[in-house]
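Worksheet for the structure shown next.
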Amino acid sequence: MSGTVLGLDIGGTKIAAGLVDADGEVTGLTSAATPIEGGQPAIVAGVLRLAQEVRRDTAIDAVGVGTAGVVDPLTQIVSSATDVLPGWRGADLAAPLSESLGVPVTVINDVHAHGLGEAHFGAGRGRRSVLVVAAGTGIGGAIVVDGHLMTGESGAAGHIGHVSVPQAAGMVCSCGRTGHVEAIASGAAMARNYQAAAVLDRPLAAAEIVRLVSVDDRAREVVTSAGFALGVSVGGLVNTLNPSVVVVTGGLAGSPQIWWDSVRGGFAETVLPALAQTPIVAGGVTDAAGVIGAAYAARQGAQPC
C-alpha cells in the first residue's frame with residue numbers, strides 16, 4: 001500500500017490525527033481534547049468528527065488507529081481499559097470508521113502505535129530491537145523486534161505501567177491494584193501526589209509541576225521520585241529483554257533534565273552491569289509517533305508477533 005493513510009491516536013487527554021505517506025511524513029496533523037466526560041459514545045463521535053475533518057477531500061487507502069486500552073488482535077475491539085478512558089471497554093472503532101470513510105481500518109493499542117512509529121521512523125530507526133516507554137497521563141510500553149510489534153497472546157504486551165516497583169508500595173494504580181509504577185511515575189500520579197503534598201484546592205497538571213522544580217521543593221520531590229521509579233522499572237525490563245535501545249516518548253519526555261537524571265539514576269540502581277550501557281533516548285517523532293505508527297500498522301496489516 002503506497003498511498004495516503006489516515007492515522008489516529010486516541011489517548012486520555014487528546015485525540016490526534018494526520019495524513020501519513022509511505023515514508024512516514026505527516027500532513028494536516030491536528031488534535032482535539034478527548035471528551036471523556038461523555039463516555040464511549042462521545043469519544044467515538046469525536047474520533048469520527050476529527051477523522052472527517054482531517055481527510056476532507058483527500059483520497060485515502062486506509063485508516064490506522066492507536067487507542068488507549070487492550071485491543072483484541074482478532075476482533076480489533078477494546079477488550080479492557082483503565083480509568084484513563086472511563087467506560088472504554090468494548091469500544092468498536094473499526095466498524096464506524098470504515099462505514100464513515102469507506103476504507104479498511106486497523107486498530108491497535110496507542111503505545112503499540114507509538115512503538116511502531118519510533119522503531120521505523122524515529123529514535124529506534126535502524127535498531128534491531130526497540131523498547132518504547134511512553135510516559136504521559138499513564139505509563140505504557142511497546143516492544144518492536146526486527147520491525148515487528150510484539151502484541152502478546154491477547155494484545156496486552158507492553159503494559160509496563162503495571163510492573164511493580166518498591167517506590168509505589170501502597171499507592172493505588174489506575175487499574176485498581178497497588179504498587180505499580182504508574183501509581184507514582186505517570187503524569188496523573190504526579191498531579192495527585194503534588195496536590196496531596198501541597199494541600200491544594202485544585203490539582204495542577206503534570207506539565208505545571210515540572211515547570212516548578214527549580215523553585216518548589218515539593219514539586220522537585222514529586223518529579224524526581226516519579227523519574228527514579230520509572231528508571232527502576234526500565235532497568236528491570238532491560239534486564240529481561242536486552243533491547244538495542246530504550247526510547248522514552250510521551251508528554252513527560254519533555255521534562256527538564258532533573259527528571260531525566262532521575263530516570264537514569266533509577267535505571268542504574270536496577271540494571272545488570274553488563275547492560276548498563278543500553279542507551280536511553282528521547283523519542284524522535286514524539287508529537288506524531290502514534291499517528292505515524294497507527295498508519296504504519298494499517299499499511300502493513302500490523303504484522304504482530
Side-chain angles (χ1 to χ4, degrees), residues 11-13 68 82-84 111 114 131-141 158-241 246-272 275-276 278-283 286:
T13 304
T82 68
D83 289 341
V84 170
V111 185
H114 277 249
L131 170 62
V132 173
V133 177
T137 305
I139 302 292
H159 271 68
I160 69 173
H162 305 286
V163 171
S164 296
V165 293
Q167 292 77 17
M171 296 182 178
V172 180
C173 181
S174 63
C175 69
R177 301 291 179 90
T178 60
H180 294 175
V181 68
E182 185 170 297
I184 186 173
S186 68
M190 288 167 61
R192 182 173 62 250
N193 293 338
Y194 181 80
Q195 184 181 17
V199 196
L200 298 177
D201 292 332
R202 70 172 186 91
L204 292 183
E208 297 176 274
I209 296 167
V210 297
R211 286 195 292 266
L212 294 173
V213 293
S214 62
V215 296
D216 186 323
D217 289 342
R218 287 167 296 197
R220 187 179 305 109
E221 172 61 25
V222 166
V223 170
T224 56
S225 296
F228 188 89
L230 183 63
V232 167
S233 69
V234 170
L237 290 163
V238 167
N239 291 344
T240 304
L241 300 170
V246 177
V247 178
V248 181
T249 185
L252 291 177
S255 296
Q257 190 62 40
I258 190 172
W259 181 82
W260 279 98
D261 290 344
S262 299
V263 171
R264 292 191 170 98
F267 174 75
E269 287 283 317
T270 312
V271 72
L272 290 169
L275 305 178
T278 303
I280 302 175
V281 302
T286 301

Heavy-atom closest pair, residues G138 and S186: CA-CB, 3.8 Å

Between CG of L131 and CD1 of I160, what distance do you get to the nearest 0.5 Å? 6.0 Å

So, using side-chain contact (heavy atoms from CB on, under 4.5 Å) as the criterion, who are the partners of V281 when residues are at least two apart? A123, V245, V247, P279

List the atom of N239, the atom of L272, and the distance in Å for their closest heavy-atom pair. OD1-N, 2.8 Å

Would you please name every residue forming a side-chain contact (heavy atoms from CB on, under 4.5 Å) with D261, sequence neighbours left out? Q257

Which atom pair, heavy atoms only, marks the closest approach of L252 to A206? CD2-CB, 4.3 Å

Does any pair with a residue in residues 188-197 pass side-chain hydrogen bond (donor to acceptor under 3.5 Å, both in side chains), and if so which ones, sequence neighbours excluded? Y194-D216

Between atom CZ of R264 and atom CH2 of W259, what is the distance when rounded to the nearest 0.5 Å? 9.0 Å

Who are the ring pair (Phe, Tyr, Trp, His ring centres under 6.0 Å) partners of H162, not counting sequence neighbours? H159, H180

CH2 of W260 to CD1 of I280: how many Å apart, nearest 0.5 Å? 8.0 Å

Can T278 and V271 be said to form a side-chain contact (heavy atoms from CB on, under 4.5 Å), step by step? CA-CA 9 Å; T278 303; V271 72; 5.5 Å; no

Side-chain donor/acceptor pairs under 3.5 Å, residues 219-226, sequence neighbours excluded:
unit_1: R220; atom_1: NE; unit_2: V213; atom_2: O; d: 3.0
unit_1: R220; atom_1: NH1; unit_2: D217; atom_2: OD1; d: 2.6
unit_1: R220; atom_1: NH2; unit_2: V213; atom_2: O; d: 2.7
unit_1: E221; atom_1: OE2; unit_2: S225; atom_2: OG; d: 2.8
unit_1: T224; atom_1: OG1; unit_2: R220; atom_2: O; d: 2.8
unit_1: T224; atom_1: OG1; unit_2: E221; atom_2: O; d: 3.3
unit_1: S225; atom_1: OG; unit_2: E221; atom_2: O; d: 2.8

Closest heavy-atom contact between V210 and S255? CG1-OG, 3.8 Å

Any residue meeting side-chain contact (heavy atoms from CB on, under 4.5 Å) with S233, in chain and number order, not counting sequence neighbours: V165, V181, L230

Drop me the distance from I184's CD1 to M171's CE, to the nearest 0.5 angstrom. 4.0 Å

Closest non-hydrogen atoms of A191 and L204, given as atom of the first, atom of the second and distance, are CB-O, 3.0 Å

Tightest non-hydrogen contact, residues A183 and A189, listed as O-CB, 3.1 Å

